[in-house]
Enquirer: 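Mind having a look at this structure? Questions to follow.
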Amino acid sequence: MQIKHLQNKSIDYILWDKCISESINQLTYAFSWYLDIVSPNWEALVSENYEYIMPIPIKRKLRVPYIVQPSLAQQLGIFSKTNIDEKITTDFIKQLPSLSYELNLNYQNFHSDGISIPNYILELNRNYNEISSYYSKNTQRNLEKSINSNLLVKSDIALQDFLSFYKEVNKDFIFPQQNLINQLLEKGISQGAMTLYGIYKDEVLIAAFCALYSSNRITYILPASNKEGKSCS
């Protein structure tokens with residue numbers, strides 16, 4: 001398989017996003033609009049006709065490029081609408097342009113020398129009673145406590161309300177992280193890939209989070225909860 005290393009200006013964004021949207025392991029983190037925000041000037045490894053693609057999140061220190069997992073992009077790695085075996089994964093890793101890198105491959109990129117990190121996934125193809133029956137007793141108690149607290153969950157809360165609350169709860173939420181999150185949420189909402197949720201008690205916002213949508217999963221990101229919110233869970 002021929003694998004090309006492309007600079008950002010040489011990437012065909014239309015073919016790129018087509019491959020991601022059709023991938024068996026589609027993740028929103030890998031769409032071009034998402035990468036443009038979390039890793040400006042990202043580069044790529046691509047096979048012929050963009051059958052297999054791999055984003056390279058590049059940073060530079062003293063003009064020396066290095067690869068590091070971007071903030072708010074849990075998994076990247078290789079994407080394709082066809083099977084990704086270990087040989088393909090190895091071939092792509094060998095083509096990475098830097099020997100000094102830190103990169104989280106996605107759940108379809110097995111490599112025998114890799115380190116497996118747990119990723120908790122809740123399957124939603126069963127009814128709620130069946131799903132909740134497997135919850136720990138502590139989780140069930142917390143849920144009952146939340147229900148008894150008469151909380152109200154609202155979707156599509158205002159972006160500024162979310163950002164103000166997130167900044168208030170997370171004291172280390174400073175520039176440039178603040179600018180990155182602001183851009184990402186604005187773009188994600190406009191793309192229909194994100195929804196902001198707020199949890200209210202007595203009409204006061206006490207917790208919030210963002211739901212990030214891919215074709216077959218919903219990812220829970222950017223959670224924030226104040227003292228009152230934590231006491232209700």
Side-chain angles (χ1 to χ4, degrees), residues 23-30 34 38 69-77 102-110 114-173 177-178 180-182 184-185 188-189 191-233:
S23 293
I24 57 174
N25 53 338
Q26 185 207 110
L27 292 171
T28 301
Y29 308 124
Y34 200 104
V38 300
Q69 191 73 20
S71 177
L72 298 176
Q74 183 202 48
Q75 306 173 42
L76 289 175
E102 176 187 341
L103 190 61
N104 296 343
L105 302 179
N106 66 68
Y107 61 100
Q108 289 282 352
N109 297 171
F110 174 76
I115 299 173
S116 180
I117 300 175
N119 188 41
Y120 298 101
I121 299 174
L122 181 64
E123 294 183 358
L124 301 177
N125 57 352
R126 294 171 291 176
N127 64 55
Y128 178 75
N129 289 336
E130 185 179 357
I131 293 173
S132 60
S133 68
Y134 291 96
Y135 291 167
S136 68
K137 290 183 178 180
N138 185 58
T139 297
Q140 291 177 359
R141 282 195 298 268
N142 288 339
L143 286 170
E144 185 176 354
K145 183 179 179 181
S146 297
I147 292 170
N148 293 334
S149 297
N150 295 317
L151 304 179
L152 176 64
V153 179
K154 294 182 181 180
S155 62
D156 296 313
I157 67 172
L159 174 59
Q160 193 54 53
D161 289 346
F162 179 91
L163 291 172
S164 296
F165 182 78
Y166 194 90
K167 183 177 181 180
E168 175 187 333
V169 172
N170 296 279
K171 301 303 181 183
D172 59 346
F173 180 54
Q177 184 190 33
Q178 180 175 346
L180 182 150
I181 292 176
N182 191 14
L184 192 61
L185 293 180
I189 292 169
Q191 291 281 335
M194 293 179 175
T195 299
L196 301 179
Y197 287 85
I199 294 85
Y200 294 79
K201 183 176 182 181
D202 299 327
E203 299 184 359
V204 177
L205 184 62
I206 63 171
F209 71 94
C210 176
L212 173 66
Y213 304 105
S214 298
S215 62
N216 62 349
R217 65 175 57 197
I218 302 171
T219 304
Y220 171 73
I221 63 171
L222 295 172
S225 182
N226 62 19
K227 186 176 180 180
E228 179 73 11
K230 291 175 182 177
S231 71
C232 293
S233 62

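Here the structure is a predicted model, which is why all the values come from computation and not from measurement.
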Enquirer: When you check the side-chain N and O atoms of Ser164 and Glu168, is any donor under 3.5 Å from an acceptor?
Expert: no
Enquirer: Quick one: closest heavy-atom pair of Leu185 and Cys210, and the distance?
Expert: CD2-SG, 3.9 Å
Enquirer: Can you name the closest pair of heavy atoms from Ser132 and Gln140 and give their distance?
Expert: O-NE2, 3.2 Å
Enquirer: What residues form a side-chain contact (heavy atoms from CB on, under 4.5 Å) with Arg217, not counting sequence neighbours?
Expert: Leu27, Gln75, Tyr107, Asn119, Ile121, Ser214, Thr219
Enquirer: Measure from the side-chain N and O atoms of Asn104 to the backbone N and O of Gln74, and report whether any donor-acceptor pair falls under 3.5 Å.
Expert: yes
Enquirer: Which distance, rounded to the nearest 0.5 Å, do you find between the CD1 of Ile131 and the CG of Asn125?
Expert: 7.5 Å
Enquirer: Starting at NZ of Lys154, measure out to OH of Tyr197 and round the result to the nearest 0.5 Å.
Expert: 14.5 Å
Enquirer: Return the OH to CG distance between Tyr135 and Asn142, rounded to the nearest 0.5 Å.
Expert: 12.0 Å
Enquirer: Which pair of non-hydrogen atoms, one from Val38 and one from Ala73, has the smallest distance, and what is that distance?
Expert: CG2-CB, 4.4 Å
Enquirer: With respect to Leu212, which candidate in Thr195, Ile221, Leu184 satisfies the side chain to side chain contact (heavy atoms under 4.5 Å, CB included) definition?
Expert: Ile221
Enquirer: Taking only residues two or more places apart in sequence, or in another chain, which ones meet Ser133 in a side-chain contact (heavy atoms from CB on, under 4.5 Å)?
Expert: none
Enquirer: Would the number of heavy atoms belonging to other residues, nucleotides or ligands and lying under 6.0 Å from CD of Glu123 be above 12?
Expert: no
Enquirer: Treating Gln26 as the side-chain partner and Asn216 as the backbone partner, does any N or O pair qualify as donor plus acceptor under 3.5 Å?
Expert: no
Enquirer: Rounded to the nearest 0.5 Å, how far apart are OH of Tyr34 and CE of Met194?
Expert: 4.5 Å
Enquirer: Mind checking the CZ-CG spacing from Arg141 to Asn138? Nearest 0.5 Å is all I need.
Expert: 5.0 Å
Enquirer: Parallel, tilted or perpendicular: which describes the rings of Tyr220 and Phe209, with under 30° parallel and over 60° perpendicular?
Expert: tilted
Enquirer: Check whether Asn182 reaches the backbone of Gln178 with its side chain - one donor and one acceptor, N or O, closer than 3.5 Å.
Expert: no
Enquirer: What pairs with Leu205 under side-chain contact (heavy atoms from CB on, under 4.5 Å), at least two apart in sequence or on another chain?
Expert: Phe165, Tyr200
Enquirer: How close do Gly198 and Ile157 get, heavy atom to heavy atom, and via which atoms?
Expert: N-CG2, 3.6 Å
Enquirer: Under the side-chain contact (heavy atoms from CB on, under 4.5 Å) criterion, do Phe162 and Ile189 qualify, and how do the steps go?
Expert: CA-CA 13 Å; Phe162 179 91; Ile189 292 169; over 6 Å; no
Enquirer: Please indicate whether Lys230 has more than 12 foreign heavy atoms, meaning atoms of other residues, nucleotides or ligands, lying under 6.0 Å from its NZ.
Expert: no
Enquirer: Without swapping roles, check the side chain of Ser225 against the backbone of Ala207 for a donor-acceptor pair under 3.5 Å.
Expert: no
Enquirer: Looking at Asn106 and Gly77, what are the two nearest heavy atoms and their distance?
Expert: ND2-C, 3.8 Å
Enquirer: Kindly compute the distance separating CG (Leu105) from OG (Ser116), expressed to the nearest 0.5 Å.
Expert: 11.0 Å
Enquirer: For residues Cys232 and Ser146, report the shortest heavy-atom separation together with the two atoms involved.
Expert: O-OG, 2.7 Å
Enquirer: With side-chain contact (heavy atoms from CB on, under 4.5 Å) as the criterion, how do Asp161 and Leu196 come out once you've worked through the C-alpha distance, each side chain's angles and the decisive distance to 0.1 Å?
Expert: CA-CA 10 Å; Asp161 289 346; Leu196 301 179; over 6 Å; no
